[in-house]
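Report on the following structure.
A, B, ... follow the sequence lines: proteins, then strands. Residue 1 opens every chain. Quick note: numbers below take in every heavy atom, side chains included, and nothing from hydrogens, waters or symmetry partners.
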Amino acid sequence: MENTVNPFESLIAPILAAFPELEASDIVFNAAPKLELGDVAIPMFLPARKLKAAPPKLSAEFKEKVDFGDLVTEVNPTGPYLNLKLNRPAFSKDIVTRILADGDRFGSNHSGAGLRMLIEHTSINPNASPHVGRARCAMIGDSLTRLFRFEDYEVDVHYYVNDMGRQIGLLAMIAEEIEDLTFDQILDAYVEANERAKVDEDFAEKGYALLSRMEEGDPEVQAMFRNITDLCLKGQLAVLARIGAQYDTFDRESKYVKDARLDALVAQLKEKDAVFVDEKERLVVDLSKLGHEYEEGRYFVLMRANGSSMYGYRDLAYSMDKNAMGADVNLMVLGEDHKLYAQQLKMMLEATGHDSAEAIYYSYILLKDGKMSTRQGTVVLLEDFLDQAAALAQERVAEQCKDMTPEEQLDIANQVAVAAIRFAILRVSPNKNVTFDMEAALSFQGDTGPYIQYSCARMHSILRKYDGELPAVPGDAFPVTEDAEWILLNKLATFPDIINSCVEQRTVSAIAIYALEVARAFTTFYHDCPVLTAETPELIEARALVCKATRQVLANALDLLGLDAPERM
RNA sequence: GCCCCGAUAGUUCAAGGGAUAGAACUUCCGCCUCCUAAGCGGAUGAUGCAGGUUCGAGUCCUGCUCGGGGCACCA
């Protein structure tokens with residue numbers, strides 16, 4: 001079933017019949033600020049502009065001229081708004097029918113059918129267990145992946161492995177000294193390597209030497225680098241897997257050390273007079289020749305004096321590699337610290353006729369006391385958070401679900417922990433700094449992932465206890481008696497719109513906010529509208545269907561955010 | 001110094017240029033003979049400062065202040 005159509009679209013035709021000058025896109029449906037005013041509000045601003053009329057006058061004119069038939073029970077022009085009271089049972093039946101018919105596809109606009117999307121994200125330096133700041137990238141990238149797949153894009157998720165650099169060389173040397181180095185020991189080893197490089201010149205020199213041999217393709221060194229980066233990557237991926245982040249393709253930076261395509265690119269830049277060799281024999285790009293307007297960030301080094309490539313060189317090659325995959329949408333999720341750098345790359349790529357990926361930036365996560373710093377130890381490790389959260393959640397589950405095995409209880413506790421962290425991070429607009437409050441994130445109360453999960457568990461509980469078979473779709477007379485039901489159903493009906501705007505804006509935070517609003521609307525319904533003890537069998541069935549539809553929408557939304565919806569908790 | 005983001009209750013976050021700026025946490029007062037109290041109801045409380053555009057600005061423009069990020073051989 002096609003669900004891109006607005007549930008209120010049947011109201012448009014009568015309006016266009018009365019005002020042929022208008023188009024469907026001029027008619028927008030808002031919720032009225034108060035239900036007493038109407039079930040739905042149509043702002044007059046757009047139509048007024050087209051008809052060259054004053055909005056308050058136009059709303060009155062609408063009341064006179066438009067014949068809504070039996071869809072509408074009352075028309076209230078209020079200033080520049082036309083407020084309508086609707087035939088609620090008819091609209092409610094329609095909404096529930098659509099949701100249940102589409103099931104886990106409800107909300108998708110199928111905008112990506114036949115299209116391919118490539119997304120690159122996370123790319124944590126292989127040196128330690130990820131902290132929640134880094135994990136923000138993984139959560140955003142992973143949820144965007146889910147969103148685009150939901151929209152029927154064929155998505156390939158890439159992870160760029162930083163397996164080059166002096167840091168890896170130093171780490172590799174330390175690794176040689178420690179027998180059976182484990183992932184947990186790596187952060188200490190990394191810190192030690194850096195400390196030693198500062199005081200021990202010999203040690204630092206060896207690091208560079210290793211890097212050079214790596215670039216030259218020395219098999220022995222390549223194996224060393226490979227071992228240490230694999231160890232790190234494996235450990236990091238295990239942690240990321242706990243929050244549900246998955247990757248399809250791993251691209252190693254070392255693959256792009258020498259790349260023939262770059263010769264052509266450099267030649268093109270030379271033609272534009274944008275490349276020069278500086279006094280220290282480095283190969284430098286002068287971005288001012290490509291449109292860069294100010295002095296800072298004007299120069300970009302491609303190669304060192306000894307002919308070894310810089311990270312930017314490798315990234316250019318990597319970008320071309322990704323372009324070659326021919327995706328219709330090419331995204332990369334980057335920290336705000338990469339903004340200038342990504343713009344510089346984009347300038348060079350575009351100046352030479354290449355595409356560049358669409359960059360999505362996220363800001364840093366701050367702590368109450370200041371910034372997160374691996375070196376200063378002021379970090380919240382994702383692992384630590386998950387362990388603490390799961391332990392807390394397990395206490396609650398053990399009380400609530402006594403009949404379950406400890407394994408089942410732990411499983412739910414882990415789902416709660418993941419929900420807590422993913423929701424806390426994803427609900428915030430990516431371009432804003434988030435202040436992470438450990439205590440609040442562990443409380444599971446209020447505007448949290450676990451709150452939403454809890455409301456889902458209540459829906460499951462009701463449907464579990466429902467006596468008999470629920471029909472697949474509502475019957476002809478679908479009774480809707482309370483405002484709470486109507487508000488909830490209206491909320492559910494907007495899901496495809498939310499998805500559409502999230503795809504356009506390449507964001508998922510609005511889905512998180514939406515899920516929270518649905519959960520709240522359901523909780524109000526839960527308190528105002530008894531389901532299993534409603535007055536009539538028809539009402540019981542109708543409300544059970546409302547629960548089922550809500551559960552479906554919420555499950556769909558939570559899945560995009562990477563949260564599970566346990567049946568009990 | 002220059003460039004890019006941001007600034008909304010005590011705190012953490014919402015709000016497609018539109019009606020009385022929403023939640024949550026905290027504090028205070030209530031609610032488990034009633035489908036899960038990880039819940040619900042009530043009370044208190046906010047658009048950094050100064051201008052401008054607009055019928056209408058938290059939202060757009062300018063300046064300032066504060067916070068985050070960046071500005072050639074780290075990746």
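Under the 3.5 Å distance criterion, the side-chain polar atoms of Asp163(A) are matched with a main-chain donor or acceptor of Ser254(A). Between the side chain of Thr435(A) and the backbone N or O of Leu367(A), no donor-acceptor pair lies under 3.5 Å. The backbone N or O of Asn127(A) lies less than 3.5 Å from no partner atom in the side chain of Asn125(A), so there is not a single donor-acceptor pair. Checked by atom type and distance alone, the side chain of Thr494(A) never pairs as donor or acceptor with a backbone atom of Asp497(A) at under 3.5 Å.
Leu340(A) comes within contact range of the sugar-phosphate backbone alone, with a heavy-atom separation under 4.0 Å but no base atom that close. The residue Arg298(A) sits apart from the nucleic acid: no heavy atom pair falls under 4.0 Å. Within the nucleic acid shown, Phe436(A) has no heavy atom closer than 4.0 Å to any nucleic acid atom. Tyr454(A) comes within contact range of at least one nucleobase, with a heavy-atom separation under 4.0 Å. In this structure, Asp467(A) reaches neither bases nor backbone, as no heavy-atom distance under 4.0 Å exists between it and the strands shown. Contacts of Pro33(A) with the nucleic acid, taken as non-hydrogen atoms under 4.0 Å apart, include base atoms. Note on Lys368(A): nothing from the nucleic acid sits closer than 4.0 angstrom, heavy atoms only. Counting any heavy atom pair closer than 4.0 Å across all strands shown, Phe45(A) reaches a base atom. If you check every strand for non-hydrogen atoms under 4.0 Å, Phe300(A) touches nothing. Backbone-only engagement by Tyr208(A) is indicated by non-hydrogen atom pairs under 4.0 Å involving sugar-phosphate atoms exclusively. Residue-level contact check: Val428(A) touches the backbone only, with heavy atoms under 4.0 Å from sugar-phosphate atoms and none from bases. The residue Asp437(A) sits apart from the nucleic acid: no heavy atom pair falls under 4.0 Å. Looking at heavy-atom distances under 4.0 Å, Val285(A) makes no contact with the nucleic acid at all. Met164(A) comes within contact range of the sugar-phosphate backbone alone, with a heavy-atom separation under 4.0 Å but no base atom that close.
Which of C3(B), G68(B), U36(B) sits closest to the side chain of Tyr364(A) comes down to G68(B). Listed candidates were A38(B), G16(B), U12(B). Nearest to the side chain of Thr435(A) is U12(B). Considering only the side chain of Arg458(A), U36(B) comes nearest among A75(B), U36(B), C35(B). Side-chain proximity of His338(A) to the nucleotides A38(B), A75(B), C40(B) is greatest for A75(B). Listed candidates were A75(B), U36(B), G69(B). Nearest to the side chain of Glu253(A) is A75(B). Listed nucleotides: C74(B), G67(B), G39(B). Nearest to the side chain of Asn433(A): G67(B). If you check A19(B), G68(B), G6(B) against the side chain of Asn431(A), the one that comes closest is G6(B).
A cation-pi arrangement, defined by a distance under 6.0 Å to the six-membered ring centre and an angle within 45 degrees of its axis, is absent between Arg458(A) and Phe522(A).
Remark: aromatic rings of Tyr451(A) and Phe444(A) are distant, center separation not under 6.0 Å.
Of the nucleotides present, C29(B) is the one that pairs with G41(B) by Watson-Crick or G-U wobble criteria, both distances under 3.5 Å. Summarising the base pairing, U36(B) is matched to no nucleotide, lacking a Watson-Crick or G-U wobble pair whose two defining distances lie under 3.5 Å. Searching all strands for a Watson-Crick or G-U wobble partner of A57(B) with both distances below 3.5 Å returns nothing. Remark: G1(B) base-pairs with C71(B); criterion is Watson-Crick or G-U wobble with both hydrogen-bond distances under 3.5 Å. With a cut-off of 3.5 Å on both pairing distances, the Watson-Crick or G-U wobble partner of G63(B) is C49(B). Nucleotide U11(B) is matched to A24(B) when pairs are restricted to Watson-Crick or G-U wobble geometry with both distances under 3.5 angstrom.
You'll find a donor-acceptor pair under 3.5 Å spanning the side chain of Glu296(A) and the base of G1(B), going by distance alone. Evaluation of atom-type donor-acceptor distances gives a pair under 3.5 Å for the side chain of Tyr311(A) against the base of A75(B).
Applying the 90° cutoff around 0 to the glycosidic angle, C32(B) is assigned syn.
Distances shorter than 4.0 Å separate none of the side-chain N or O atoms of Tyr299(A) from OP1 or OP2 on A72(B). Taking only side-chain nitrogens and oxygens, Lys432(A) never comes nearer than 4.0 Å to OP1 or OP2 of U12(B). Applying the 4.0 Å criterion to OP1 and OP2 of G39(B), one finds that Ser455(A) has every side-chain N and O outside that range.
For the side chain to side chain contact (heavy atoms under 4.5 Å, CB included) with Leu58(A), the qualifying choice from Lys52(A), Lys63(A), Met44(A) is Met44(A), the only one to do so.
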